[in-house]
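Report on the following structure.
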Amino acid sequence: MAAKPRSRRQEQVQFATELRAVGKTWPEVATAIRHRYRVNARVAPRLARGLSQREIAELWNQRWPDDPKTFKNISTWELWPASTGHVPSLDTLDRLAQLYECAVPDLLADLPDHGHPPQSPPTQGSPDIGPGAVPAADADLLDGLITESITLTPQLTSTLAHQLHDVRFDELAQSLIMWVQQANPGLDRRELLLKISTALTVAAAVAFLDIADADERDRVAAVLDDPRRLDLTTITHTERMLQYYRRQGDVLGPQIALQTAMAQRQVIADFAANAPETLRSRVLTVYAELSQMVGWQLYNLGDYRAAQYYYDDARTAAHDAENTELVTYILCTMSQLATWQNKPRVGIDHAIAAQVWAAQTDSPAARGYAADVAARAFAAAQQPDKAHRALEQEHAAVRDMAACTPRASWWYFYDESFYWGTKAECALVLGTSAQSLAAARTSLPMLDPTNVHNYAHTLALQSQAHLQQGDITEASAIVGDITRISGVNRSPRLIQRIADLRTALTPWQRSRAVRKLDDLLAHYRLTGNSSTNNS
């Protein structure tokens, strides 16, 4: 008997392997995966083979090196026809079909047939699913949360932790986005997503001990019981977990991620107090990163005073660790906070300090991001020449990043798409809406749409640019897209952007486009007045 899978990914691979063992073709396996796990026809053949989006991109690049793709391209094709996706061309579909060993129509099998009444999908027990099927309630976490209230028993906590053992937050976000956009409008999405977020938070809280190797797990548990026993194994594990915590905030929003970051920060603080000299710098670095994460989540929650406190704490810890690159990053986030609060001169002060420290590193990402926040602060202070020079410096650094050695993990979000998004923001603040719109349109196809936070804020820039140009219909439609995304990530700062954009549309509130938007806002419970901040 096959071992019980530890995660959804392992369960899918095991299911596909069983189907192949009884003679099912790859298209037949993909169909079974599609119906059982409720994914679309572009996602199913990849899951059938147990591959990630990054691995599919690598296979593509091996076969067609003159037309390179990244996992972001795969992600946007898989999200289509949702508004956050991009329609794949016929040539693209043909190449994907070659990789998946299927026909092009197989990749479009979930689209409606306008010539016939829609067919009901096969049930879990139908012959099309094949052997190894289990009831949907056992296979689909989302369905279980739809119908059942959550009682956070130790057993459920353990189950959720195992399901998230090898979670890829980009694919989790993709699933959530597609689900939010396609689910029955009668469902209470707000309550439902709260249940999902709660469950995932519990799993994240125990993930610190969700270690496959029993010896390593015992060693980490022993350190938790007595921080004086801190060793290299434990600190290496905590470093690996940091990326997990960051992506949790990108996907699920600050309300959820804050809980995890706060809890882990306290654990690491105990470690730092007892760290041997050989590990002290690494422990302080982890502590500084967690303090910065707490500050970032508080910033997105709108608690700026508390965010500043944790940023200051993070900067001090990073200096104590003598981690110059991390000091640069934290100063950049402090600059962003000040500029958002309509204090651009303070933002400039922090940005210049970040640039000074960045110059002492060999990291183009540090130099680029320091120039990025400087550009935003100069634009907010209405100093266009300095903003443009900072953008030129950033663009040069971004080009250097392509040939750089692996970057520090906290730069995971920073790439060329971020530069174009900042250029769009600066152009908007400086009143050049046409340039802003062009930059936003350049940024969006490069962006990972499963980084819900960054994608939504870039959409907001695009909507503002359309609004400045008087294109009310397009501006309203994009606000609608952001509203749907907010069903996944309820960041108060994102909700505020939606409110500000709706306030700006008030002169046209009788138009059909704005009335349609208001219906959508009401459905997502996003009505109300905005504040004054629209940076």
Side-chain angles (χ1 to χ4, degrees), residues 52-55 57-58 60-61 65-76 169-170 239 242-243 246-247 250 285 288-289 292-293 296 318 323-336 350-379 387-427 438-451 453-455 457-458 461:
S52 68
Q53 293 168 342
R54 191 177 303 277
E55 288 168 330
E58 290 171 355
W60 176 297
N61 294 338
D66 293 336
D67 183 25
K69 303 298 180 187
T70 70
F71 78 93
K72 295 179 183 179
N73 298 111
I74 309 300
S75 176
T76 58
F169 267 102
D170 51 354
E239 289 168 341
L242 288 172
Q243 192 75 337
R246 290 191 189 93
R247 290 294 284 151
D250 293 339
T285 292
E289 289 190 66
Q292 187 278 329
M293 282 188 221
W296 170 250
N323 192 324
T324 303
E325 189 172 351
L326 182 56
V327 169
T328 301
Y329 174 57
I330 294 167
L331 282 166
C332 288
T333 59
M334 295 174 75
S335 173
Q336 180 186 19
H350 288 313
I352 291 174
Q355 288 179 305
V356 170
W357 285 109
Q360 300 181 37
T361 74
D362 58 359
S363 168
R367 296 193 299 274
Y369 196 50
D372 181 284
V373 295
R376 282 185 271 169
F378 282 129
H388 291 147
R389 280 198 295 273
L391 285 171
E392 290 172 358
Q393 293 168 358
E394 179 181 12
H395 201 195
V398 166
R399 289 195 296 267
D400 290 341
M401 282 167 52
C404 187
T405 55
R407 293 176 282 164
S409 61
W410 53 80
W411 300 122
Y412 73 100
F413 68 94
Y414 187 61
D415 56 17
E416 188 177 358
S417 68
F418 201 96
Y419 157 74
W420 286 106
T422 296
K423 188 169 185 176
E425 180 177 340
C426 292
R441 284 173 171 165
T442 302
S443 175
L444 280 168
M446 298 180 183
L447 265 171
D448 174 9
T450 62
N451 186 330
H453 175 90
N454 285 357
Y455 196 83
H457 281 281
T458 304
L461 294 172

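Counting only distance, with no hydrogens or angles, the side chain of S417 and the backbone of S443 share no donor-acceptor pair below 3.5 Å. Formation of a donor-acceptor pair under 3.5 Å by the N61 side chain with backbone atoms of K69 is found in this model. Put simply, the side chain of Y414 gets close to the backbone of G368: a donor and an acceptor are under 3.5 Å apart. The main-chain N or O of F71 is never found under 3.5 Å from a side-chain atom of S75 such that the two would form a donor-acceptor pair. Remark: side-chain polar atoms of W420 are not paired, donor with acceptor, to backbone N or O of L444 under 3.5 angstrom.
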Side chain to side chain contact (heavy atoms under 4.5 Å, CB included) between Y419 and M401, worked out: CA-CA 12 Å; Y419 157 74; M401 282 167 52; over 6 Å; no
Verdict with supporting geometry, R399 and E416, side chain to side chain contact (heavy atoms under 4.5 Å, CB included): CA-CA 8 Å; R399 289 195 296 267; E416 188 177 358; over 6 Å; no
L242/M293 under side chain to side chain contact (heavy atoms under 4.5 Å, CB included): CA gap, chis, key distance, verdict: CA-CA 9 Å; L242 288 172; M293 282 188 221; 3.5 Å; yes
Candidate pair T328 and Y369, rule side chain to side chain contact (heavy atoms under 4.5 Å, CB included), full reasoning: CA-CA 9 Å; T328 301; Y369 196 50; over 6 Å; no
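Counting only heavy atoms from C-beta outward, the side chains of Q355 and Q393 approach each other to under 4.5 Å. Looking at heavy atoms from C-beta onward, F418 lies out of side-chain contact with W411 at the 4.5 angstrom threshold. Side-chain contact check for C426 versus T422: some heavy-atom pair is nearer than 4.5 Å.
Here the straight-line distance linking atom OH of Y329 with atom CG of N323 works out to 12.5 Å at 0.5 Å rounding. Rounded to the nearest 0.5 angstrom, L391 CG and R376 CZ are separated by 10.0 Å. T442 contributes atom OG1, which lies 8.5 Å from atom NZ of K423 (distance to the nearest 0.5 angstrom). With values rounded to the nearest 0.5 angstrom, F413 atom CZ is found 9.5 Å from H453 atom NE2. Distance check: L326 CG to T285 OG1 gives 6.0 Å after rounding to the nearest 0.5 Å. Here E58 contributes atom CD and E55 contributes atom CD; the two are 6.5 Å apart, rounded to the nearest 0.5 Å.
In terms of heavy atoms, D362 sits closest to R367 at C-NH1, 3.9 Å. Of all the heavy atoms in A354 and C332, the pair that sits closest is CB-SG, 3.9 Å. Summarising the geometry of N73 relative to T76, their closest heavy-atom pair is O-OG1, 2.9 Å, with the distance given to 0.1 Å. For I330 against T333, the heavy-atom pair with the smallest separation is O-OG1, 2.7 Å. Closest approach of A424 to A440, counting heavy atoms only: CB-N, 3.6 Å. Residue A288 comes nearest to A318 through the heavy atom pair CB-N, 3.7 Å, listed as atom of the first residue, atom of the second, then distance.
A donor atom on one side chain and an acceptor atom on the other are found under 3.5 Å apart for S363 and E325.
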